[in-house]
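Counting begins at 1 with the first residue of the sequence. Treat the numbers as computed from the prediction; the structure is a model and nothing was measured.
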Amino acid sequence: RRFQGEARAAAVFDHPNVVTVHDYGVEGGTRAFLVMELLDGSTLRDQLKSQGRFNAAHAIEIFRPVCDAVDAAHRHHLIHRDLKPENIFIARNAETGVETVKVLDFGVAKFLDTPEAGPELENSVVTESGVLVGTPGYMSPEQLLGESAAVSWDLWALAVVAYETLTGVLPFAVAADRDRWRQSVLKGNYTPLGRNLAEPPASWDEFFAGSLAPERWKRPASA
């Protein structure tokens, strides 16, 4: 299923900040294969582990191309469904030293049902209701409730990754008590920035208060 997801996404969606799939198929009728570009660099997860949290300027350098790629995917009626630091790759050209940010792993991506969907794509996406898809820590309230997949899933995950990139920790700690974490997400009780950063700008607090709100209409409408 992951192969089919990657192959279908590659067939309709191409973007400089998305890992390139050059070819795909089935060999001998039994072995599925993907031919993808070879990237040299590290994931955002690797960099957070080795360097710690990013300053604002560095975070913006990473997130502008990521948001552009995610927005382009949404305009192609495609939802990633598993955005996290492991799926954001900072590729480096060994000859020029130029870095390019790539969004990886569209294996569990989902296509919108209605090609006629509006610019915000609303929330009508094909998925199995009640089936959880995603990674704990980056899952939106809608995911935890088992609702149909929606653009809001990716927007929530982007906000969580942004928070983690700036602070070094998740806004909703995933502890042994998973039910407590789940209730925190559903109620929007994230850890205030001030507990992890000294004097964060008021605009940051405002952004995360909206982006991590349990009410979908309070969050940004697009990447």
Side-chain angles (χ1 to χ4, degrees), residues 1-2 5-6 8-10 12-19 21 43-45 59-60 62-90 101-115 117-129 131-166 170-172 174 182 185-186 188 190 207-223:
R1 289 180 64 185
R2 295 186 68 87
E6 290 277 6
R8 188 179 177 198
V12 301
F13 176 56
D14 182 33
H15 191 277
N17 296 111
V18 172
V19 64
V21 178
T43 66
L44 177 58
R45 170 67 69 213
I60 288 292
I62 300 298
F63 275 88
R64 276 188 173 142
V66 169
C67 288
D68 187 54
V70 172
D71 184 60
H74 291 170
R75 285 186 279 106
H76 281 78
H77 313 294
L78 179 64
I79 298 172
H80 189 285
R81 299 205 296 177
D82 196 24
L83 291 167
K84 54 188 177 182
E86 289 83 350
N87 287 336
I88 296 174
F89 194 91
I90 297 89
V101 181
K102 296 276 188 175
V103 177
L104 310 180
D105 195 357
F106 280 78
V108 295
K110 203 75 174 178
F111 281 87
L112 287 168
D113 230 356
T114 53
E120 293 178 19
L121 304 185
E122 297 303 328
N123 300 307
S124 55
V125 186
V126 179
T127 192
E128 293 181 75
S129 181
V131 177
L132 293 182
V133 177
T135 299
Y138 305 90
M139 298 171 70
S140 69
E142 301 85 74
Q143 285 171 275
L144 294 179
L145 292 172
E147 296 180 6
S148 296
V151 167
S152 63
W153 291 24
D154 287 351
L155 303 183
W156 177 278
L158 285 175
V160 172
V161 177
Y163 183 105
E164 185 178 12
T165 302
L166 290 168
L170 288 168
F172 304 92
V174 184
R182 182 177 183 273
V185 172
L186 294 178
Y190 68 94
F207 170 78
F208 286 110
S211 298
L212 298 176
E215 301 89 356
R216 209 176 326 201
W217 58 269
K218 291 184 178 180
R219 305 180 210 152
S222 70

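- By the side-chain contact (heavy atoms from CB on, under 4.5 Å) test, Ala72 is found to be paired with Phe13, His15, Arg75, residues two or more places apart in sequence or in another chain being considered.
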Can Phe106 and Leu78 be said to form a side chain to side chain contact (heavy atoms under 4.5 Å, CB included), step by step? CA-CA 9 Å; Phe106 280 78; Leu78 179 64; 3.7 Å; yes
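- Separating the CG atom in Leu166 from the CZ atom in Phe207 is a distance of 9.0 Å, to the nearest 0.5 Å.
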Show me the side-chain donor-acceptor pairs of residues 154-164 shorter than 3.5 Å, one per line, residues at least two apart or across chains.
unit_1: Asp154; atom_1: OD1; unit_2: Arg81; atom_2: N; d: 2.9
unit_1: Asp154; atom_1: OD2; unit_2: His74; atom_2: NE2; d: 2.8
unit_1: Asp154; atom_1: OD2; unit_2: His80; atom_2: N; d: 2.9
unit_1: Trp156; atom_1: NE1; unit_2: Met139; atom_2: O; d: 3.3
unit_1: Tyr163; atom_1: OH; unit_2: Thr191; atom_2: O; d: 2.5
unit_1: Tyr163; atom_1: OH; unit_2: Asn196; atom_2: ND2; d: 3.1
unit_1: Glu164; atom_1: OE1; unit_2: Tyr138; atom_2: OH; d: 2.6
unit_1: Glu164; atom_1: OE2; unit_2: Arg45; atom_2: NH1; d: 2.7
unit_1: Glu164; atom_1: OE2; unit_2: Tyr138; atom_2: OH; d: 3.4

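- Annotation: side-chain contact (heavy atoms from CB on, under 4.5 Å) contacts of Ala209 (sequence neighbours excluded): Tyr190.
- In this structure, NE2 on His76 lies 11.0 Å from CG on Asp71, to the nearest 0.5 angstrom.
- Considering every non-hydrogen atom in both Ser152 and Arg219, the closest pair reads CB-NH1, 3.8 Å.
- The two residues Glu147 and Trp153 have their closest heavy-atom pair at O-CZ2, 3.5 Å.
- Contacts of Thr165 classified as side chain to side chain donor-acceptor pair (under 3.5 Å), with partners at least two apart in sequence or in another chain: none.
- Distance alone, capped at 3.5 Å, places no donor-acceptor pair between the Lys102 side chain and the Val66 backbone.
- Within the 4.5 Å cutoff, side-chain heavy atoms of Val151 are placed close to those of Ile79.
- Remark: of the listed residues Asn17, Leu83, Asp68, Val19, Leu83 is the sole one forming a side chain to side chain contact (heavy atoms under 4.5 Å, CB included) with Val103.
- Residues satisfying the side-chain contact (heavy atoms from CB on, under 4.5 Å) criterion with Leu186, sequence neighbours excluded, are Pro141, Leu144, Leu145, Arg182, Gln183.
- The shortest side-chain heavy-atom distance between Leu44 and Ile90 falls under the 4.5 Å cut-off.
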